[in-house]
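Only one structure is covered here, and it is reproduced in the block below.
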Protein chains: 2
Amino acid sequence: MAGFARFQAVLRLFDEKASAWTVPAMSDALGVPASTVYRTVRDLVAGGFLEAAHESVYRLGSAFIEYDRLLRLTDPLVAAGRGALHDVVAQAHTPCVALLSRLYNDQVMCVVDEAARDTSFRSSYERGRPMPLTQGATSKVILAHLPARLLNRLIGAPKDGGARHAALRRELADIRKRGFCVTASEIDAGLAGIAAPVIVREAGIIASLSLVADDSRLDDSQRRRLVLLVVSAASLVAEELRYALTPPAIVEPRHKMVKQ
Amino acid sequence: MAGFARFQAVLRLFDEKASAWTVPAMSDALGVPASTVYRTVRDLVAGGFLEAAHESVYRLGSAFIEYDRLLRLTDPLVAAGRGALHDVVAQAHTPCVALLSRLYNDQVMCVVDEAARDTSFRSSYERGRPMPLTQGATSKVILAHLPARLLNRLIGAPKDGGARHAALRRELADIRKRGFCVTASEIDAGLAGIAAPVIVREAGIIASLSLVADDSRLDDSQRRRLVLLVVSAASLVAEELRYALTPPAIVEPRHKMVKQ
DNA sequence: TCAATATTCTCATTTTTTGAGAATTTATTT
DNA sequence: AAATAAATTCTCAAAAAATGAGAATATTGA
């Protein structure tokens, strides 16, 4: 292992449980000589990806906060969706969390979340946490709208799966037909998820808008109302995205810019 | 340039103005052959630091959201300060934004912000945005409490500066004596900043808690009240930090863990 | 001040990276 | 559906950089 992989490996050591590392510990965990790790860490510190905390302990650095802000400010999905989430939690009239989640490479991740004022529970889905692909309304509604090729890559080809796989395929087909997905206690016991797709192929955006609420407080009419709310909010976000992308605000290669 | 620098250089291309890049554009901007940039970008995409959006356009990737969450969850300063900020904006009884900011390498950056409910203005200080070292209460109060050696490195030695430099030195000494700093319209016109230091040397934390409010709405007694609020909140956060760090929750090198 | 520990440095060797262009894949247009 | 254009990957020899062991140095705490 060398080059970028080395940097990756060091950063991946940091997680919720182990948020502070000494160089000898990293060296030990990675099976790489200390002198090499010192060099790698020095580069990462210089780039702001790690910071020297104290007593030779290192933590994740400010670059992540900085890039995260950039992402929040410039991600078209975040821009288009923030307002919608606000409206959704306001109009839900029940304790809930609204999420905008998105397929990134091969995982689903929430990119914006907003809780209603009086919400005491916490959803496992939260901004920045990778979520399982095949569980929860949020993820399923995304899977259901994936191009066949991509879906096969993510969950395997239709044939080479057992009964559970076939069931998932059927469920996804059903979700796709309905245009939304409702689940209960799939991610968090006692919590229901209601999700609708936000698909803007032209922008390469495959996402979902979802609502998490206490399942025991939902009767059928409530549920229908919330589904309607989520579905319409999701299509609104998709519409806004399409509109926003019409004049592509991207940096073109120089030779193209010159032509203008 | 090579190795880590190449990755850094690519990532640093992304900012508020240019949030989406094609490979030819990057190649052009960096003066590096396309084939090399393609390789670099491929690595960054694999690591989640970039994502292929559409039409060969790349954006910042989900890894930043993920690491940012990790940072929020595990940074002792964030953990100790979140509640305090909440209390501060609640007790300020005026539209305001409360910030917890910190010295990272050689820049000041806000790591948590919270606005009071009825706050319409926005402070330039916001989570994830690097701020000037020598302007604004938030930064000054941090500078004022830096060890001499570090301060010299950041703003230059006492002798080799002009009149402005000497004035800054005097101001910092004064702030240090008082234990807080109040400024007006230094960062944003019409906004006042009130900051107090959060220093926990044992943890390598040099930070500040600050409040940004509409200067025209503050009379002297208001200002005194808010200074008191900020100063006491800051010392509370520092206290909590010291307490939290007593049993050092860090990953020790293996040979130390074995001894236990 | 003195230990103990952390960090950087040195340098020959090994391993990558690099870049130019060809080859291939992918998307778009006709 | 073929043709065109663009994007992306591949190839390979030369050049550059990373590696690791240990020495040298800096930093820190007692």
Taking the side chain as everything from C-beta on, heavy atoms only, tell me whether A:V112 gets closer than 4.5 Å to A:R72. no
From B:L154 CG over to B:T134 OG1, what is the distance, rounded to the nearest 0.5 angstrom? 10.5 Å
Angle between terminal axes - the helix from C:dT1-D:dA30 to C:dT30-D:dA1, 5 pairs each end, rounded to 10°: 70°
Any carboxylate oxygen within less than 4.0 angstrom of a Lys/Arg side-chain nitrogen, looking at B:D174 and B:R170? no
Quickly work out the B:M26 CE to D:dT8 C1' distance and round it to whole Å. 13 Å
Under 4.0 Å protein heavy-atom contacts per nucleotide of nucleotides 10-26 of chain D, with B for base, S for backbone only and - for none: BB-----SSBBBB----
Integer-rounded Å distance: C:dA6 P and A:Y58 OH: 10 Å
Quick one: B:W21 CH2 to D:dA7 C1', roughly how many Å, whole number? 18 Å
Atom-to-atom span, CG of B:D28 to P of D:dA7 - whole angstrom: 13 Å
Would you say a side-chain N or O of A:Y38 is under 4.0 Å from OP1 or OP2 of C:dT7? yes
Salt bridge flag under 4.0 Å for residues B:E66 and A:R127: no
Can you give me every donor-acceptor pair (side chain of residues 38-52 of chain B, partner residue at least two apart or in another chain, under 3.5 Å) with its distance?
unit_1 : atom_1 : unit_2 : atom_2 : d
B:T40  : OG1    : B:T36  : O      : 3.0
B:E51  : OE1    : A:R102 : NH2    : 3.4
B:E51  : OE2    : A:R102 : NH2    : 2.8

Between atom CG in A:L150 and atom C1' in C:dT26, what is the gap in whole Å? 16 Å
Any side-chain heavy-atom pair from A:L172 and A:L151 closer than 4.5 angstrom? yes
Would you mind reading off the distance between B:L30 atom CG and C:dT18 atom P, rounded to a whole angstrom? 12 Å
With a 4.0 Å cut-off, would you call B:R82 and B:E240 a salt bridge? no
Proximity of B:F4 and A:F7 rings by center, below 6.0 Å: yes
